[in-house]
Amino acid sequence: MLKTDKVQDEKSLKDEIKQLKVQKNAIILAHFYQNSEIQDIADYIGDSLALAQWAKETDAAIILLAGVYFMGETAKILSPQKKVLVPDTNAGCSLADSCPALKFEKFVKKHKNHLVVTYVNTTAAVKALSDIVVTSTNATKIIKSIPKNQPVIFGPDKNLGNYINGLTGRDMLLWDGACHVHEKFSLEKILALKKQYPNAKLLAHPECKRPILMISDFIGSTSSLLNYSQTTKTKQFIVATESGILHEMQKKSPHKTFIPAPPIDSTCGCNDCEYMKLNTLEKIYLALRDENPEVQIDDQLRINALKPIERMLELSK
Ligand code: 13P
């Protein structure tokens with residue numbers, strides 16, 4: 001296909017999506033890790049917490065969640081009366097997969113006196129076993145609000161759990177899970193980049209391994225990293241999180257330079273989540289046109305999973 005055809009195709013797809021949104025009273029919520037063309041047609045782009053908050057508050061009849069499946073599930077749990085669509089049901093999450101509900105239930109039952117705090121990157125079934133859900137934006141604040149003598153289970157991300165243990169002086173019991181994207185940043189390649197760009201600041205998501213966090217200048221959720229890149233005077237950044245965030249960073253600060261932190265196993269400089277990148281404009285168009293695939297959750301499971309999410313939203317205020 002000629003390049004001009006592709007551009008034309010993208011433009012007409014975007015026009016069709018816009019029309020469908022108006023016609024069906026639909027909105028598109030997109031995570032920062034989505035491809036740039038998806039971010040550009042979204043009504044809201046945000047981190048996991050913001051996506052949940054918007055899903056709860058919107059008046060739209062249809063929510064199309066461009067992210068990974070647990071994000072669509074969270075939207076449905078919060079807004080059961082709305083139709084929640086996802087572009088591709090195969091867009092899973094390695095962190096959520098690292099915590100199967102049956103195994104987690106056994107773990108929770110073994111430690112009955114523990115409060116169960118889980119990261120939002122989990123299935124509805126794991127949320128239903130939890131007392132409080134957190135995202136990387138509010139995790140530290142919420143953990144700090146729990147009395148120190150209360151034992152806590154934290155799952156599934158051991159890197160985020162270790163990071164919060166270090167910040168709060170707690171000794172939370174950690175589930176052994178991790179995000180396959182954040183785990184594969186190369187310390188050596190990042191150190192080489194730091195040498196090459198001595199004035200650049202290293203920004204890292206707390207899902208990264210400890211050695212990366214130890215050499216970082218700023219650690220935070222995607223929205224915190226974005227905010228920091230805008231407000232600090234620094235002009236160059238090495239960014240250790242999924243590379244989709246660079247699109248919004250560059251848009252917000254066009255005069256600054258953003259360098260993606262490289263993974264261990266690739267000659268490409270970027271670290272992409274292949275699940276996030278399964279979503280395309282075409283799939284979004286088809287999902288809106290056909291109102292399918294739709295996220296469905298059993299009602300009792302939804303009610304059980306809602307409680308810890310609502311607790312999070314309350315504690316995030
Ligand atoms: P935040 O959206 O909370 O920054 O977390 C990123 C993530 O893990 C998405 O899977």
Side-chain angles (χ1 to χ4, degrees), residues 29-35 38-39 42 44-55 65-75 78 86 88 90-99 117-124 126-127 132-143 154-164 175 177-185 203-209 212-213 216 218-230 239-249 252 260-261 271-279 309 312-313 315-316:
L29 306 182
H31 192 270
F32 287 125
Y33 294 163
Q34 289 298 283
N35 282 316
I38 294 179
Q39 295 191 38
Y44 299 98
I45 322 160
D47 67 3
S48 311
L49 176 62
L51 295 179
Q53 287 165 329
W54 288 320
L65 205 311
V68 286
Y69 196 76
F70 78 81
M71 296 174 178
E73 250 186 5
T74 308
L78 285 161
V86 292
D88 189 326
N90 291 318
C93 168
S94 58
L95 244 179
D97 290 348
S98 73
C99 190
V117 180
T118 54
Y119 197 31
V120 71
N121 301 41
T122 51
T123 59
V126 168
K127 289 185 177 76
I132 314 177
V133 165
V134 297
T135 74
S136 49
T137 291
N138 56 29
T140 306
K141 179 180 167 188
I142 291 178
I143 297 296
F154 185 88
D157 193 316
K158 62 182 172 193
N159 294 317
L160 177 63
N162 267 319
Y163 172 67
I164 299 171
W175 181 261
C179 160
H180 74 303
V181 176
H182 288 93
E183 282 241 301
K184 70 177 181 195
F185 284 112
L203 312 181
H205 196 280
E207 288 174 26
C208 293
K209 285 180 169 176
I212 308 285
L213 297 181
S216 297
F218 184 81
I219 299 165
S221 63
T222 46
S223 55
S224 315
L225 299 180
L226 174 64
N227 186 42
Y228 181 80
S229 71
Q230 289 174 259
V239 185
T241 189
E242 211 272 358
S243 60
I245 186 70
L246 270 77
H247 181 62
E248 189 64 9
M249 285 178 166
K252 287 273 166 27
N271 199 354
D272 282 346
C273 172
E274 65 272 34
Y275 301 117
M276 284 278 179
K277 267 44 184 192
L278 277 178
N279 297 331
I309 301 176
M312 166 184 83
L313 294 176
L315 289 166
S316 306

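Just follow the structure's listing: the first ligand is 1, and inside any ligand the first atom is 1.
- Protein heavy atom nearest atom 10 (O) of ligand 1, with residue, atom name and distance: Asn121 ND2, 2.9 Å.
- Remark: distances from the non-hydrogen atoms of His182 to ligand 1 are all 4.0 Å or more.
- Across all their heavy atoms, Ile219 and Leu213 have their closest contact at CD1-O, 3.7 Å.
- Between Leu78 and Thr74 there is a side-chain heavy-atom pair separated by less than 4.5 Å.
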**Request:** Could you walk me through whether Glu242 and Lys277 pass the side chain to side chain contact (heavy atoms under 4.5 Å, CB included) test, one step at a time?
**Result:** CA-CA 11 Å; Glu242 211 272 358; Lys277 267 44 184 192; 2.8 Å; yes

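- Protein heavy atom in closest approach to atom 1 (P) of ligand 1: Ser136 OG, 3.3 Å.
- At least one heavy atom of Tyr33 lies less than 4.0 angstrom from ligand 1.
- In this structure, Val68 and Tyr33 have side chains that are not in contact, with every pair of non-hydrogen atoms separated by 4.5 Å or more.
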**Request:** Apply side chain to side chain contact (heavy atoms under 4.5 Å, CB included) to the pair Glu207 and Leu95, showing each step before the final yes or no.
**Result:** CA-CA 10 Å; Glu207 288 174 26; Leu95 244 179; 4.0 Å; yes

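- Near Ser48, meaning under 4.0 Å from any of its heavy atoms, are these atoms of ligand 1: 1 (P), 2 (O), 3 (O), 5 (O).
- Inspection of the Ser94 and His180 side chains reveals an N or O donor paired with an N or O acceptor under 3.5 Å.
- For the residues Asp157, Thr222, Thr137, the heavy atom positioned nearest atom 4 (O) of ligand 1 is part of Thr222.
- Of the residues listed (His205, Glu183, His182), the one engaging Asn159 in a side-chain hydrogen bond (donor to acceptor under 3.5 Å, both in side chains) is Glu183, and it is the only one.
- Remark: ligand 1 and His31 share an N or O pair separated by less than 3.5 Å (distance only, no angle test).
- Considering both main-chain and side-chain atoms, Ser221 never comes within under 3.5 Å of ligand 1 through any nitrogen or oxygen pair.
- Side chain to side chain, Thr123 and Tyr69 fail the donor-acceptor criterion of an N or O pair below 3.5 Å.
- Counting heavy atoms under 4.0 Å from ligand 1, residue Glu242 does not touch it at all.
- Under 4.0 Å from ligand 1, the heavy atoms of Tyr119 that appear belong solely to its side chain.
- Closest non-hydrogen pair, Val239 versus Ile245, comes out as CG1-CG2, 4.0 Å.
- Here's the thing with Thr135: none of its N/O atoms is less than 3.5 angstrom from an N/O atom of ligand 1.
- Ligand 1 has at least one atom lying under 4.0 Å from a heavy atom of Met71.
- Among all protein heavy atoms, the one lying closest to atom 5 (O) of ligand 1 is His205 NE2, 3.2 Å.
- Given atom 8 (O) of ligand 1, the protein heavy atom at minimum distance is Glu207 OE2, 2.5 Å.
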